[in-house]
Number of protein chains: 2
Amino acid sequence: MSPEEPDEARSTRPPRLSRQRIVDAGLASIEAHGVDQMTMRSLGRDLGVEAMALYRYVSGREDLLEAVVESLLDGLIKRVEAAETTSWQEYLQHVAHEIRHMALAHPTAFPLVVSRHPAAPWLRPPLRDIAMVEHLLATLCERGFSDDQAVDTYKAFTSFLVGSLLLEVSTKTENVAAVEEPMNEGSADIPEQDTVEDVDLGQAPHVVRMRDRLSQDHSEAEFETGLESLLNRIENTVSH
Amino acid sequence: MSPEEPDEARSTRPPRLSRQRIVDAGLASIEAHGVDQMTMRSLGRDLGVEAMALYRYVSGREDLLEAVVESLLDGLIKRVEAAETTSWQEYLQHVAHEIRHMALAHPTAFPLVVSRHPAAPWLRPPLRDIAMVEHLLATLCERGFSDDQAVDTYKAFTSFLVGSLLLEVSTKTENVAAVEEPMNEGSADIPEQDTVEDVDLGQAPHVVRMRDRLSQDHSEAEFETGLESLLNRIENTVSH
DNA sequence: ACCTGAACACCGTTCAAGT
DNA sequence: ACCTGAACACCGTTCAAGT
């Protein structure tokens with residue numbers, strides 16, 4: 001915190017614009033207020049600059065969102081390599097946990113990783129960059145997978161990750177950009193109904209009885225169980 | 001096609017506005033040009049009316065999108081009941097196939113079913129309305145599931161559907177609203193590179209070798225395999 | 001070199017006014 | 001009752017102009 005620092009750490013007037021700073025601010029804004037609220041103009045405001053200045057570093061809003069998605073996958077390969085896993089099971093488990101960690105750290109941005117079209121049609125979210133796919137396929141082949149088995153595993157693995165994690169983060173964000181309830185212009189003698197809770201629930205005794213259970217969060221255990229089941233299934237096809 | 005018809009089937013000037021007609025036109029527009037292009041103003045144009053007229057029938061764009069999602073699940077319960085399945089395996093299989101059919105019929109709209117926040121936090125896409133969840137839980141309990149087992153099955157089943165179908169329709173839409181490639185202002189002596197194909201691919205020998213395999217579509221078989229595996233897994237926990 | 005001001009072509013939405 | 005015109009407060013994006 002020496003005053004000699006080129007006002008790098010000053011919060012009043014940030015140092016200078018750069019693609020990295022814009023992407024970081026974009027991600028922060030998304031997590032704070034939701035994707036829709038992350039606007040070129042609001043992002044400019046966050047960075048103490050007019051919106052038009054951003055176009056020196058990103059070619060548009062779409063490019064920025066793409067860069068945010070890429071930044072979420074940044075460093076994944078390095079961390080996976082550092083783990084030095086010895087079996088393919090251990091390898092896939094490590095990748096799965098890394099991705100889950102990322103998703104939980106950025107629950108609002110994670111759906112972008114899934115829903116934005118990857119660069120090539122054969123890339124599957126959330127493992128949607130070539131380097132990561134290469135690493136995964138190479139590792140599986142090293143461990144004795146045939147090409148077909150490696151590709152099938154890539155597809156099943158990505159489907160599992162998307163299904164588990166998208167629904168898990170969905171319960172965790174719930175509504176980052178709060179939605180106002182619009183008044184329904186119905187007759188005034190019907191009393192307010194807070195949400196769905198009282199509306200259809202009379203016709204749904206099982207839902208009522210299991211509502212607590214439905215709300216309970218066992219997502220970690222479910223993730224682990226599903227992952228093990230997937231690995232077992234792969235194991236059976238690979239040693240048939 | 002008798003001229004006595006109250007110009008119901010005329011294409012030149014459609015009969016009258018109604019919520020149903022708006023929702024149908026909205027879905028059609030989404031499938032034709034993508035969600036972003038489905039704008040209140042363009043939808044008015046499609047219906048031969050000013051955008052402001054729509055607000056008599058939908059409270060806003062969000063309400064319209066919500067109604068489109070609901071319309072996609074319409075009739076699902078009735079069709080499932082009509083099938084009169086005898087085992088819970090057959091039941092879940094039938095539901096799964098119905099949902100897959102819907103997803104493939106509306107590949108551009110299906111991501112909305114997944115990504116929009118359901119009415120209650122314990123509802124999980126794509127089985128996101130109470131009546132459907134009630135039906136599923138009731139059926140499983142009839143077949144001998146405990147409450148816990150029914151809820152666990154609901155969660156695993158929805159995760160499976162989301163993961164499989166979201167990635168399947170993703171490969172099938174690819175870019176409904178075509179994205180223009182922005183010129184990169186780099187030096188002119190570097191020749192054009194069509195897409196990712198040539199960029200990083202030098203460093204990715206496994207990807208190159210398996211590229212055809214990665215592009216091949218076996219989604220139906222993968223869906224069936226994954227579904228059977230899931231049912232087996234449930235079967236094991238239910239008869240432990 | 002880096003940022004700004006002004007402008008353009010869009011949005012969603014409200015509301016008084018028309019028929 | 002049903003739709004329209006005009007208006008408001010926003011967007012993303014371009015481009016000449018400032019420093």
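Heavy-atom basis, side chains included; hydrogens, waters and symmetry copies ignored.
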For this session: Identify whether any heavy atom of B:Met52 sits under 4.0 Å from a base atom; if not, whether one sits that close to sugar-phosphate; answer base, sugar-phosphate or nothing.
Result: base
Problem set entry | Base partner of D:dA6, which must satisfy Watson-Crick or wobble distances under 3.5 Å | C:dT14
Exercise. Considering Watson-Crick and G-U wobble pairs with both distances under 3.5 Å, what does D:dT19 pair with?
Worked result: C:dA1
Rounded to the nearest angstrom, tell me the gap between atom [atom1] in [X] and atom [atom2] in [N].
{"X": "A:Met40", "N": "C:dC3", "atom1": "CE", "atom2": "C1'", "value": "14 Å"}
{"X": "B:Leu43", "N": "C:dC11", "atom1": "CG", "atom2": "C1'", "value": "14 Å"}
{"X": "B:Leu64", "N": "C:dT13", "atom1": "CG", "atom2": "C1'", "value": "14 Å"}
{"X": "B:Asp36", "N": "D:dG12", "atom1": "CG", "atom2": "C1'", "value": "13 Å"}
{"X": "A:Arg16", "N": "C:dC3", "atom1": "CZ", "atom2": "P", "value": "7 Å"}
{"X": "B:Asp63", "N": "C:dT13", "atom1": "CG", "atom2": "C1'", "value": "14 Å"}
{"X": "A:Arg56", "N": "D:dG12", "atom1": "CZ", "atom2": "C1'", "value": "17 Å"}
{"X": "B:Arg61", "N": "D:dC10", "atom1": "CZ", "atom2": "C1'", "value": "15 Å"}

Exercise. Taking only N and O in the side chain of A:Thr39, is any of them less than 4.0 Å away from OP1 or OP2 of D:dC10?
Worked result: no
For this session: Examine D:dC3: is either OP1 or OP2 under 4.0 Å from a nitrogen or oxygen in the side chain of B:Tyr55? Give yes or no.
Result: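 It does not, given that no N or O in the side chain of B:Tyr55 lies less than 4.0 Å from OP1 or OP2 of D:dC3.
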Salt bridge or not for [X] and [Y], using N-O below 4.0 Å?
{"X": "A:Arg211", "Y": "B:Glu134", "answer": "no"}
{"X": "B:Arg100", "Y": "B:Glu168", "answer": "yes"}
{"X": "A:Glu50", "Y": "A:Arg45", "answer": "no"}

Exercise. Is A:Arg56 reaching over with its side chain to a backbone N or O of A:Arg19, donor-acceptor style, under 3.5 angstrom?
Worked result: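 Not confirmed, A:Arg56 side chain does not pair with A:Arg19 backbone.
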Problem set entry | A:Gln216-A:Asp212 side chain donor-acceptor pair, cut-off 3.5 Å |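 No donor-acceptor contact under 3.5 Å links the two side chains.
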For this session: Identify, between A:Glu50 and A:Arg41, the residue whose nearest nucleotide on DNA chain C lies closer to the 5' end.
Result: A:Glu50
Problem set entry | Selection from D:dG12, C:dT4, D:dC3 that lies nearest to any side-chain heavy atom of A:Val49 |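 When the side chain of A:Val49 is considered, C:dT4 is the closest of D:dG12, C:dT4, D:dC3.
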